[in-house]
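Right, one structure below, let's go through it.
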Amino acid sequence: MVKFTQPPRGTRDLVGEEADLFIDLVGKFSEIARLNDFKPIVTPTIEYFDLFAKKSGVEIVQSMYVFQDKAGRTIALRPEVTASVIRAYLRNLYKEPKPINLFYIAQCFRYDEPQRGRYREFWQLGLEIIGDESMAADINILHTASEYLTYIGVKHLVQVGNVAFYRSFMDSMGVSGDDQDLVLHYIDKGLLNNAEKLVFEKYGEEASKILRELYYVDIERLSEFINDYRNLLGDRCSKIAQEAEKTLSFTDALRSIGINVEYSPSLVRGLAYYTGLIYEVKAEGLDLSVGGGGRYDGLTEIYGGSFEYSTGIALGLDRIMIVLKEKGYVVKTPLRVIIIALGSSTEIYRAAINASRALHSSGIIASVLSEPRVSKALSYASRKGYLYAIIIGKKEIETQSVTIKDLTKGEQTSLHVSGLVKYFKDALSS
RNA sequence: GCCCGGGUAGCUUAGCCUGGGUAGAGCGCCGGGCUGUGGACCCGGAGGUCCCGGGUUCAAAUCCCGGCCCGGGCCCCA
């Protein structure tokens, strides 16, 4: 039987240090995104099921939370945010000058079997750029993501792939769209043999040989490789050569700005509507990826808009938290003081509240505890980790003073109320 | 969907294999020692359908069967 105190499977409560960490990381993401001039976007947690059914692969659709609302609409909890961003763009932002840089912080839902780093409710930190064909957009995305990860102390590696290679070659070799999806699916799973076998049986030995070579080809040799198959590729040759060039200069560019990057031919992220460059972010010390994204040019068309370029990334906040927790990351806590109102007379309480307001105006965290016994109040204060306790009781009211106790040193001083803020400003700066 | 491990106080858990008396402990919480001075310490207290149901037995947290729930692995993803 489920206890009432237990949240549904695959969801969790964040309390204490975990909640602090969560809020800290969300704040820092927003900070970095804004510094890079991304604008926030907030979209609904629920969407029409069809929005996702159109874009995402079978896997995602099957793992969605779907239900009928009271009016019989088929609604889904979002499994990801990109579809919503594109929808919102088509409705509200299409007239804006391009490119449009957007960021979001959003919880998503997938009905998977929960395990380490995989929850049914999870948080994504996302960046999207709409309306920029150039590689600069992808660099901007990854640079921003990387700047964030570095800021919070997560060492990371970016793996880069490009689905356009496989698609173009397979187009040239006459591989059907469905078979292409299957091949990419196999490659994604690391089952090159299955992919080869499929291609061999249906499209011949030559085709499977090329597929294999493509899988192992070095990025530096890619252009050369494409040149070797100039005849086969025909007029696709120039397009794919361009993609190869783009991929190479993309990785070079990332490397030149100090990002750890590697080309990974087996990276295909087969499901969604990725059209070119794709990337995945691995954090040091975690098998799971902490982020992924890529180009999805033309997704706007699928939703009935005009063609637009777009690219983006989503970082998994829950997984980033795992990395940081293992590293022993601690959120810095600012100065917190507690004001002990000794007794419950209106005068004392008023003085205590006024003191807290004065401290707040200087950015100091202060709260009032009403408690007639000093020993209890101080016990609470020290166990709660306050550095200072300010005592206000009868004596203090009579003399217009406050008693400040430094809980670390055990020292205690008394001063006039007017000197309260200055005391803590001095404490802060020393 | 498949595979493994679990479910005993708010939390972490001992006990289960090898059946026996009132189910223990640590942490936390509350109170007192201490009516204007904390942490530490000492004393005391509250808090349990031992996941649920059935079976075996004089007797079940413990053994058997069924179910529910949770975590982790495969796969896939963030």
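As the structure is a prediction and not an experimental result, all values here were calculated from the model. Letters A, B, ... are given to chains in the order of the sequence lines, protein chains preceding strands, and every chain is numbered from 1.
Across the protein-nucleic acid pair, A:Asp287 atom CG and B:C77 atom P stand 15 Å apart, rounded to whole Å. Atom CZ in A:Arg120 sits roughly 12 Å away from atom P in B:G72 (whole-Å rounding). Atom CG of A:Leu317 and atom C1' of B:C77 are 16 Å apart (whole Å). The distance from atom OH of A:Tyr65 to atom P of B:C77 is 19 Å, rounded to the nearest whole Å. As rounded to whole Å, 18 Å separates atom P of B:C77 from atom CZ of A:Phe52. Separating the CG atom of A:Leu288 from the C1' atom of B:C75 is a distance of 13 Å, rounded to the nearest angstrom. A:Ile278 places its CD1 atom 15 Å from the C1' atom of B:A78, with the value rounded to the nearest Å. Straight-line distance from the CZ atom of A:Arg110 to the P atom of B:G1: 19 Å, rounded to whole Å.
No hydrogens or angles were tested; on distance alone, a donor-acceptor pair under 3.5 Å links the side chain of A:Gln115 to the base of B:C75. Remark: the A:Glu113 side chain and the B:G71 base include no donor-acceptor N/O pair separated by less than 3.5 Å.
Taking a 6.0 Å sphere around OH of A:Tyr111, one finds it holds 12 or fewer heavy atoms contributed by other residues, nucleotides or ligands. Other residues, nucleotides and ligands contribute only 12 or fewer heavy atoms inside 6.0 Å of the OH atom of A:Tyr94. Shown here is A:Lys325, whose NZ atom has more than 12 heavy atoms of other residues, nucleotides or ligands within 6.0 Å.
To the nearest 0.5 Å, atom CD1 of residue A:Ile348 and atom CG of residue A:Leu342 are 7.0 Å apart.
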Given side-chain contact (heavy atoms from CB on, under 4.5 Å), test A:Ile390 with A:Leu359 step by step and report yes or no. CA-CA 11 Å; A:Ile390 297 166; A:Leu359 292 168; 3.8 Å; yes
Apply side-chain hydrogen bond (donor to acceptor under 3.5 Å, both in side chains) to residues A:Tyr151 and A:Glu31 and explain how you reach the verdict. CA-CA 10 Å; A:Tyr151 182 38; A:Glu31 189 183 325; 2.9 Å; yes
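Applying the ring-ring contact (aromatic ring centres under 6.0 Å, His included) test to every pair with at least one member in residues 385-426 of chain A, sequence neighbours left out, gives these pairs: A:Tyr388-A:Phe424. Residue pairs meeting the salt bridge (Lys or Arg N to Asp or Glu O under 4.0 Å) criterion with at least one member in residues 400-424 of chain A, sequence neighbours excluded, are A:Lys422-A:Asp426.
Taking atom C1' on both B:U62 and B:G15, the two are 9 Å apart, rounded to the nearest angstrom. Taking atom P in both B:A40 and B:C29, the straight-line distance is 10 Å, to the nearest Å. Comparing the same atom, P, in B:G28 and in B:C43 gives a spacing of 15 Å after rounding to whole Å. When the P atom is used for both B:A23 and B:C51, the distance is 15 Å, rounded to whole Å. To the nearest whole angstrom, the two C1' atoms, one in B:U8 and one in B:A60, are 14 Å apart. Comparing B:G24 with B:C64, their C1' atoms sit 27 Å apart, to the nearest whole Å. B:U18 sits 24 Å from B:U22 when the P atoms are compared, rounded to a whole Å. Spacing between B:G6 and B:C52 at atom C1', rounded to whole Å, works out to 16 Å.
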Output one line per pair: protein atom, nucleotide atom from nucleotides 33-35 of chain B, and distance, for all N/O pairs under 3.5 Å.
none

Please write out the pairs of protein N or O atoms and N or O atoms of nucleotides 40-42 of chain B separated by less than 3.5 Å, giving the distance to one decimal.
none

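Among the protein residues, A:Leu315 comes within range of no part of the nucleic acid, since none of its heavy atoms lies under 4.0 Å from any strand. In this structure, A:Arg118 reaches the bases: a heavy-atom distance under 4.0 Å links it to at least one base atom across the strands shown. Across all strands, A:Tyr119 comes closer than 4.0 Å to base atoms (heavy-atom distances). Residue A:Glu396 is classed as a base contact, given a heavy-atom separation below 4.0 Å to a base.
Both distances falling under 3.5 Å, in either a Watson-Crick or a G-U wobble arrangement, occur for no nucleotide opposite B:A23. Remark: B:G1 base-pairs with B:C74; criterion is Watson-Crick or G-U wobble with both hydrogen-bond distances under 3.5 Å. Shown here, B:G48 forms no base pair; nothing in the strands shown gives a Watson-Crick or G-U wobble contact with both key distances under 3.5 Å.
Which of B:G38, B:G36, B:G73 sits closest to the side chain of A:Arg116 comes down to B:G73. The side chain of A:Arg319 approaches B:C77 more closely than any other nucleotide in the set B:U37, B:G36, B:C77.
Residues that satisfy the side-chain contact (heavy atoms from CB on, under 4.5 Å) test with A:Lys394, not counting sequence neighbours, are absent from this structure. With sequence neighbours left out, A:Glu17 forms a salt bridge (Lys or Arg N to Asp or Glu O under 4.0 Å) with no residue at all. Annotation: ring-ring contact (aromatic ring centres under 6.0 Å, His included) contacts of A:Tyr215 (sequence neighbours excluded): none. Every residue two or more places apart in sequence or in another chain that forms a side-chain contact (heavy atoms from CB on, under 4.5 Å) with A:Arg73 is listed here: A:Tyr48, A:Asp69, A:Ala71, A:Ile75. In this view, A:Asp171 satisfies the salt bridge (Lys or Arg N to Asp or Glu O under 4.0 Å) rule with no residue, not counting sequence neighbours.
The pair A:Glu121-A:Arg9 fails the salt-bridge criterion, with no side-chain N (NZ, NE, NH1 or NH2) lying under 4.0 Å from an Asp/Glu carboxylate O.
Near RNA chain B, meaning a heavy atom under 4.0 Å away, the residues from residues 408-423 of chain A are A:Gly410, A:Gln412. Sorted by residue number, the members of residues 9-36 of chain A with any non-hydrogen atom under 4.0 Å from RNA chain B read A:Arg9, A:Gly10.
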I'd like a table of donor-acceptor pairs (distance under 3.5 Å, sequence neighbours excluded) in which one partner is a side-chain atom from residues 309-322 of chain A, with atom names and distances.
from: A:Tyr309; atom 1: OH; to: A:Glu133; atom 2: OE2; distance (Å): 3.3
from: A:Ser310; atom 1: OG; to: A:Tyr296; atom 2: O; distance (Å): 3.2
from: A:Thr311; atom 1: OG1; to: A:Asp138; atom 2: OD1; distance (Å): 2.7
from: A:Thr311; atom 1: OG1; to: A:Tyr279; atom 2: OH; distance (Å): 2.8
from: A:Thr311; atom 1: OG1; to: A:Gly294; atom 2: O; distance (Å): 3.3
from: A:Asp318; atom 1: OD1; to: A:Trp123; atom 2: N; distance (Å): 2.6
from: A:Asp318; atom 1: OD2; to: A:Arg12; atom 2: NH2; distance (Å): 2.7
from: A:Arg319; atom 1: NE; to: A:Gly117; atom 2: O; distance (Å): 2.8
from: A:Arg319; atom 1: NH1; to: A:Ser289; atom 2: O; distance (Å): 3.0
from: A:Arg319; atom 1: NH2; to: A:Gly117; atom 2: O; distance (Å): 3.2

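Between B:G31 and A:Lys376, a contact under 4.0 Å exists linking OP1 or OP2 to a side-chain N or O.
Mapping A:Pro8 and A:Gly316 onto RNA chain B via the closest heavy atom, the residue that lands nearer the 5' end is A:Pro8.
Here the side chains of A:Phe38 and A:Ile129 are in contact, with some heavy-atom distance below 4.5 Å.
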